[in-house]
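Everything on this sheet refers to the single structure shown next.
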Amino acid sequence: MNRSKIVVLDFGSQYAHLIAKRFRAMGYYSEIALPSADLSVFEGAKGVVFSGGPSSVYEKDVPEFNAEIFGLDLPILGLCYGHQLMAHCHGGKVGKADVGEFGFAELELNDSGKSSPLFKGVSPKTQVWMSHQDGVLSLGEGFEVIGTTKDCPFAAVQNLSKKRFGLQCHCEVKDTPEGNKIFKNFADICGMEVNWDEDTVLQHILDTIKKDAKDKNVLLFLSGGVDSTVAFALLNKALGQERVLGLHIDNGFMRKNESKSVAESYKKFGFNNFIVEDASESFLNAIKGLTDPQKKRMAVGENFITVRDRVVAAQKLNEDDWMLAQGTLYPDIIESGGTKNSHTIKTHHNRVDGIQKLIAKGLIIEPLKDLYKDEVRAMGKKLGLDDQLVMRHPFPGPGLSINVLCSDGNFTEKDKEELVKAQDELNKVTIDQFCADCSASMSRSVLPVRSVGVQGDFRTYRFPACLTFKSEGDGFYHIPHIREKVEGASSSITNGATYLNRTVIKLYQKPSLKDEDLKLQEGYCDRRRLDQLREVDNIVLTELHKNNLYNSIFQHLTIDLPYASTKENASFVLRPVCSEDVMTARFAWFPMDIFKEIVHKIAELPFVDALYFDATNKPPATFGWE
């Protein structure tokens, strides 16, 4: 594409494409490239950004990097790993920081920072988002410090004569509120002109669909979620309804009455080119007896291909005339380790082997593969889809199956040892955020289940810390009223933790039960547990809709834990999150009256032994627990 651009070098960061997206959102065309790229890639470039990444610059196994890039007469901005690489390549020292930073920090500019063109219009003290364990320990040649945080003395550096800038923080995430100002300043330093807009993106996607489809028809899996719905609308616009068939598979993992609602919404909008297939027994059999989250996701993904083949045969569709489409977003790819330098956080169902083989053969179309959730919503509105379709909470293909944690009931000696270490780790954390009345009655424990998390671009699989406040009678517990205090305590617990990656607050425990009555039970993802989860989940979503809170929350997940007094019962976790781009998130908070209404209604269900609230941001936790 012949236009001026900012090139983002992808060192494997969870956020690499988010950098490019931010520049595009501000109107500056940006492309992703590998750090080993030939210099021809930079033809037309006005500037370069080095992304973060999961590697350590001082180790042997690091992303291949073309050092000739430093010889280009272009401004360069290094972020996190990119910041450390710039220091390393200019004679500075990089190593393990005394204190790792994960989450919020305050960047304070010194006099040089206040006058730096990179920080024009930026507050002298500004909130930034950190996610690192390594740090710059001494400056590279020609560089000066322009900003620090409490635990990072080289948080921002520059070499003005060469137009080189390094930041330990992630400007690309919304949790760095003035990040766009910094990127706009860098674009100005680069001399970039505004050359990118929403209409251009839409036309590019439509042209790509036509090019990839050629003369073939397209079959699309429709989960009913935002991504597949917008992908369906784009395919229809590009190819026409006669060449597109939507397949909504009821895999048994849908929310309460979800499939019926999806079909009604599509018909209301005018989509008549879709069919609904009840394949719930097939999917339940595919994951029967599985406990490992990765294996479960893969089994769900592979079974989609099996069902797809069966439907193609039943509909008498000529295989030679049809391609498969998916509503894959870029976060799905990056979290599955889909770029050269990225680490696998979790394998998404649309990146299993069967799908990868079809991609290799050129038989998959993914119209949204370079977009993030907020861009997809904007695209849906541009196509005329109403809020009922566009603003629905995300609901991935595996549905509730990845919200039902599974266990064979065995807790190994290693598990027991690490649980003890997790409890010791939790006991040592100083938590002074709460008022004396709350903290005096607060107890700490660790739940004997593991969940997926992400820290510094690495996948973690660790235990959740549990905070329990004073009893309010009948099994209900006090809920701290101030969200920021809860967030502060949660961050204190998980920052730098080795065995903990979440913090939950106990909301309810059946009054007839003692803490020691709750044990890890044998439990799998079967229809009984899914039906129980649907009932709990439906209570939450119904209350959110009733109180006009649904659209203010990006997504609510209800998690079913095999942690109970019997195999027939379960504990549940409420997990509401706020996010724009899926790459980072903050846990959402409810007004106290709604909080208590939800908790009391769930407590009435006879199979609920305990109820928790997940008060963890991303990072260090992912949205879901699997």
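Numbers here simply count residues along the sequence, with the first being 1.
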Would you call T622 and R502 a side-chain contact if the rule is heavy atoms closer than 4.5 Å?
yes

Do Y477 and V599 have side chains that approach each other closer than 4.5 Å (heavy atoms only, starting at C-beta)?
no

Please work out which of the three classes, parallel, tilted or perpendicular, describes the rings of W589 and F613, given edges at 30° and 60°.
perpendicular

Lys/Arg-Asp/Glu bridge criterion (N-O < 4.0 Å) met for R534, D531
yes

Would you say that E198 contacts K381 through its side chain, given a criterion of any heavy-atom pair below 4.5 Å between the two side chains?
no

If we only count heavy atoms from C-beta on, is the D515 to Q509 side-chain gap below 4.5 Å?
yes

Lys/Arg N to Asp/Glu carboxylate O, K21 vs E375, below 4.0 Å:
no

Is a side-chain N or O of N273 found less than 3.5 angstrom from the main chain of V244, in a donor-acceptor match?
yes

Using a strict cut-off of less than 4.0 Å between a Lys/Arg side-chain nitrogen and an Asp/Glu carboxylate oxygen, indicate whether K267 and E264 qualify as a salt bridge.
no

Under the criterion side-chain contact (heavy atoms from CB on, under 4.5 Å), I'd like the reasoning laid out for Y563 against D609: C-alpha separation, chi angles, the key distance, then a yes or no.
CA-CA 9 Å; Y563 177 59; D609 274 358; over 6 Å; no

With a cut-off of under 6.0 Å to the ring centre and 45° to the axis, is R483 in cation-pi contact with F587?
yes

Are any of the side-chain nitrogens in R310 or E277 under 4.0 Å away from the carboxylate oxygens of its partner?
yes

Just wondering, more than 12 heavy atoms not from K268 lying within 6.0 Å of its NZ?
no

Under 3.5 Å, is there a donor-acceptor pair between the S490 and N617 side chains?
no

Describe, in one word, how the ring planes of Y508 and F476 are oriented to each other, choosing from parallel (under 30°), tilted (30 to 60°) and perpendicular (over 60°).
tilted

Measure across L530 and G252 and return the closest heavy-atom pair with its distance rounded to 0.1 Å.
CD1-O, 3.6 Å

Got T460 and P620 here, is their nearest side-chain heavy-atom distance under 4.5 Å?
no

Does this structure show an ion pair linking K295 with E302, if we count only N-O contacts that are shorter than 4.0 Å?
no

Please tell me if the side chains of I402 and P293 come closer than 4.5 Å, counting only heavy atoms from C-beta onward.
no

Evaluate the side-chain proximity of T558 to N403: yes if any heavy-atom separation is below 4.5 Å, no if none is.
no

For a 4.5 angstrom cut-off between non-hydrogen side-chain atoms, does L405 reach E626?
yes

